[in-house]
Asks: 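First the structure, then my questions, so here it is.
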Amino acid sequence: MSEIIRLENIIKRFYIGQPNELEILHGINLTVNEGEFVSIVGPSGSGKSTLMNLIGVLDRPTSGSYHLDGIDVDRAKDNELSDIRNRKIGFVFQTYNLIAKTNAIKNVELPMLYAGVSSRERHRRAKELMEMVEMSDRTKHLPEELSGGQKQRVAIARAMANNPAIILADEPTGALDSKTGRLVMDLFHKLNDEKGKTIILITHSQELADETDRIVSLRDGNVVGEVINKSFK
């Protein structure tokens, strides 16, 4: 398996040079292989969200190096980073982040619009993705007309819009009941097993982490453990 993500000695500080300077990540080393399903688990305040923002190229590290699918992220310009975010990474958030006044299928089309995909192709692919997440009967519904689980399924379809290599999911079942959360996790497994997607799951739930190939434990801004989860497969 080839490596898709490599973080080396990643340090992240805020308020740099000020008296209240804060170091959140203290030299993180992490590699993720193509097609792997990895969870990053840790309590609140462990640095999970900061690490997710760096992996998702939503923020830059203070120091250290990050290679994503062969690209040296440190040397990339802002417009290149924007392109990486749109084409290589699909994001799924706990709060769904759907556009409120836009129906479900248009929400799924949005990343393709930014990528310059034609209107006809956008609609065809969005329809296909809505079928994949079993939401064909809800394409014209606004987010407020959908349940939490339905919103999250639309969010997963949207994350897949540009066929990214990586799905980055931040507490994707955090706002859902256990039955709906199960449906969402089953979808991730399907994307991993059938489509070969690399999935990084950020969670505080050991139960969810136990369903992944590898569990990386984070505490106080350090990787404190890594477990290859043979029992799950």
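If you read the sequence from its start, that first residue is 1, and numbering goes on from there.
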Asks: So, taking the atom named OG in S63 and the one named CG in N9, what distance separates them when rounded to the nearest 0.5 Å?
Replies: 6.0 Å
Asks: Determine whether E36 and R214 satisfy the following criterion, salt bridge (charged side-chain N to carboxylate O under 4.0 Å, His left out), listing intermediate values before the conclusion.
Replies: CA-CA 8 Å; E36 212 178 355; R214 185 159 53 106; 2.7 Å; yes
Asks: For the residue pair A155 and Y96, what are the closest heavy atoms and their distance?
Replies: CB-O, 4.0 Å
Asks: Between the side chain of R122 and the main-chain N/O of L110, is any donor-acceptor distance below 3.5 Å?
Replies: no
Asks: With a cut-off of under 6.0 Å to the ring centre and 45° to the axis, is K190 in cation-pi contact with F188?
Replies: no
Asks: Apply the test salt bridge (charged side-chain N to carboxylate O under 4.0 Å, His left out) to residues R124 and E128: give CA-CA distance (whole Å), side-chain angles for both, the deciding distance (0.1 Å), then the verdict.
Replies: CA-CA 6 Å; R124 185 201 66 76; E128 196 179 81; 2.9 Å; yes
Asks: Is it the case that the side chain of T212 and the backbone of I215 share a donor-acceptor pair, with hydrogens and angles ignored and the cut-off at 3.5 Å?
Replies: no
Asks: Is the backbone N or O of A100 less than 3.5 Å from a side-chain atom of E144, with the two atoms forming a donor-acceptor pair by type?
Replies: no
Asks: Strictly distance-based, threshold 3.5 Å: is any side-chain N or O of N192 a donor or acceptor partner for the main-chain N or O of G35?
Replies: yes
Asks: Checking E194 side chain against L191 main chain: does a donor-acceptor pair fall under 3.5 Å?
Replies: no
Asks: For E121 and V117, indicate whether the former's side chain and the latter's backbone hold a donor-acceptor pair under 3.5 Å.
Replies: no
Asks: With rounding to the nearest 0.5 angstrom, report the OG to CD distance, S217 to E226.
Replies: 9.0 Å
Asks: Counting neighbours of CG on D220 that are heavy atoms of other residues, nucleotides or ligands and sit closer than 6.0 Å, is the number greater than 12?
Replies: no
Asks: When you measure from the side chain of R158 to the backbone of V92, do you find a donor-acceptor pair of N or O atoms at a distance under 3.5 Å?
Replies: no
Asks: Taking the side chain as C-beta and beyond, is there a heavy-atom pair between T139 and V108 under 4.5 Å?
Replies: no
Asks: Would I228 and D213 satisfy side-chain contact (heavy atoms from CB on, under 4.5 Å), going step by step from the backbone distance to the final call?
Replies: CA-CA 6 Å; I228 303 292; D213 300 328; over 6 Å; no
Asks: Would you say L51 and I40 make side-chain contact, with heavy atoms under 4.5 Å?
Replies: yes
Asks: Looking at L176 and G148, what are the two nearest heavy atoms and their distance?
Replies: CD2-C, 3.4 Å
Asks: So I156 and L187, do their side chains get closer than 4.5 Å, heavy atoms only?
Replies: yes
Asks: Look at atom CD of E134 and say whether more than 12 heavy atoms of other residues, nucleotides or ligands are closer to it than 6.0 Å.
Replies: no
Asks: Nearest 0.5 Å, please: how far is CD1 in I71 from CG in D83?
Replies: 8.5 Å
Asks: Do any N or O atoms from the side chain of N107 and from the backbone of L98 form a donor-acceptor pair under 3.5 angstrom?
Replies: no
Asks: Would you check if there is a donor-acceptor pair between the side chains of E34 and T198 at a distance under 3.5 Å?
Replies: no
Asks: Could you check whether any side-chain N or O of Q152 sits under 3.5 Å from a backbone N or O of P172, counting only pairs where one atom can act as donor and the other as acceptor?
Replies: yes
Asks: Looking at E207, I'd like to know if its CD atom is crowded, meaning that more than 12 non-hydrogen atoms belonging to other residues, nucleotides or ligands lie closer than 6.0 Å.
Replies: no
Asks: Just how far is it from atom CZ of R125 to atom CG of N162, taken to the nearest 0.5 Å?
Replies: 8.0 Å
Asks: Considering non-hydrogen atoms only, spot the tightest contact between A157 and L129 and give its length.
Replies: O-CD1, 3.4 Å
Asks: Check each of E23, Q18, H26 against R13 using the side-chain hydrogen bond (donor to acceptor under 3.5 Å, both in side chains) test, and report the only one that passes.
Replies: E23
Asks: For I55 and I89, which heavy atoms make the closest approach, and how far apart are they?
Replies: O-CD1, 3.8 Å
Asks: Atom CG of L113 and atom NZ of K106: how far apart are they, to the nearest 0.5 Å?
Replies: 9.0 Å
Asks: Are M160 and L201 connected, step by step, through hydrophobic side chains (Ile, Leu, Val, Met, Phe, Trp, Tyr) whose heavy atoms are closer than 4.5 Å?
Replies: yes
Asks: Could you walk me through whether D72 and R6 pass the salt bridge (charged side-chain N to carboxylate O under 4.0 Å, His left out) check?
Replies: CA-CA 10 Å; D72 184 345; R6 174 180 283 276; over 6 Å; no
Asks: If you round to the nearest 0.5 Å, how far is OG of S119 from CD of E109?
Replies: 6.5 Å
Asks: Is the shortest side-chain N to carboxylate O distance from E211 to R182 below 4.0 Å?
Replies: yes
Asks: Show the numbers, then the answer: is there a side-chain contact (heavy atoms from CB on, under 4.5 Å) between T203 and V41?
Replies: CA-CA 5 Å; T203 183; V41 68; 4.3 Å; yes
Asks: For the side chain of K12 and the backbone of R60, is there at least one donor-acceptor N/O pair under 3.5 Å apart?
Replies: yes
Asks: Does any part of the side chain of V32, heavy atoms only, come nearer than 4.5 Å to the side chain of E3, both counted from C-beta?
Replies: no
Asks: List the atom of R138, the atom of A104, and the distance in Å for their closest heavy-atom pair.
Replies: O-CB, 3.5 Å
Asks: Evaluate the side-chain contact (heavy atoms from CB on, under 4.5 Å) criterion for residues R85 and L81: first the C-alpha distance (whole Å), next the side-chain angles of each, then the deciding distance (0.1 Å), finally the verdict.
Replies: CA-CA 6 Å; R85 277 194 299 273; L81 294 183; 4.0 Å; yes
Asks: With side chain to side chain contact (heavy atoms under 4.5 Å, CB included) as the test, pick out the partner of I10 among L54, T62, T50.
Replies: L54
Asks: Going by atom types alone, do N163 and K88 pair a side-chain donor with an acceptor below 3.5 Å?
Replies: no
Asks: With a 4.5 Å cut-off on side-chain heavy-atom distances among I, L, V, M, F, W and Y, is there a chain of contacts connecting I167 to F91?
Replies: no
Asks: Do N79 and S82 meet the criterion of a side-chain donor-acceptor pair at a distance under 3.5 Å?
Replies: no
Asks: Can you give me the closest heavy-atom contact between K48 and G42, atom names plus distance?
Replies: NZ-O, 2.7 Å
Asks: Determine whether V57 and L68 make a side-chain contact, defined as any pair of heavy atoms from C-beta on separated by less than 4.5 Å.
Replies: yes
Asks: Evaluate the side-chain contact (heavy atoms from CB on, under 4.5 Å) criterion for residues L146 and V154: first the C-alpha distance (whole Å), next the side-chain angles of each, then the deciding distance (0.1 Å), finally the verdict.
Replies: CA-CA 10 Å; L146 301 173; V154 172; 4.0 Å; yes
Asks: May I ask whether V38 and F93 are part of the same hydrophobic cluster, defined by side-chain heavy atoms of I, L, V, M, F, W, Y residues being less than 4.5 angstrom apart, directly or through others?
Replies: yes
Asks: Could you see if L30 belongs to whatever hydrophobic cluster contains I199? Use Ile, Leu, Val, Met, Phe, Trp, Tyr and a side-chain cutoff under 4.5 Å.
Replies: no
Asks: Can F37 be reached from I202 by stepping across I, L, V, M, F, W or Y side chains whose heavy atoms are under 4.5 Å apart?
Replies: no
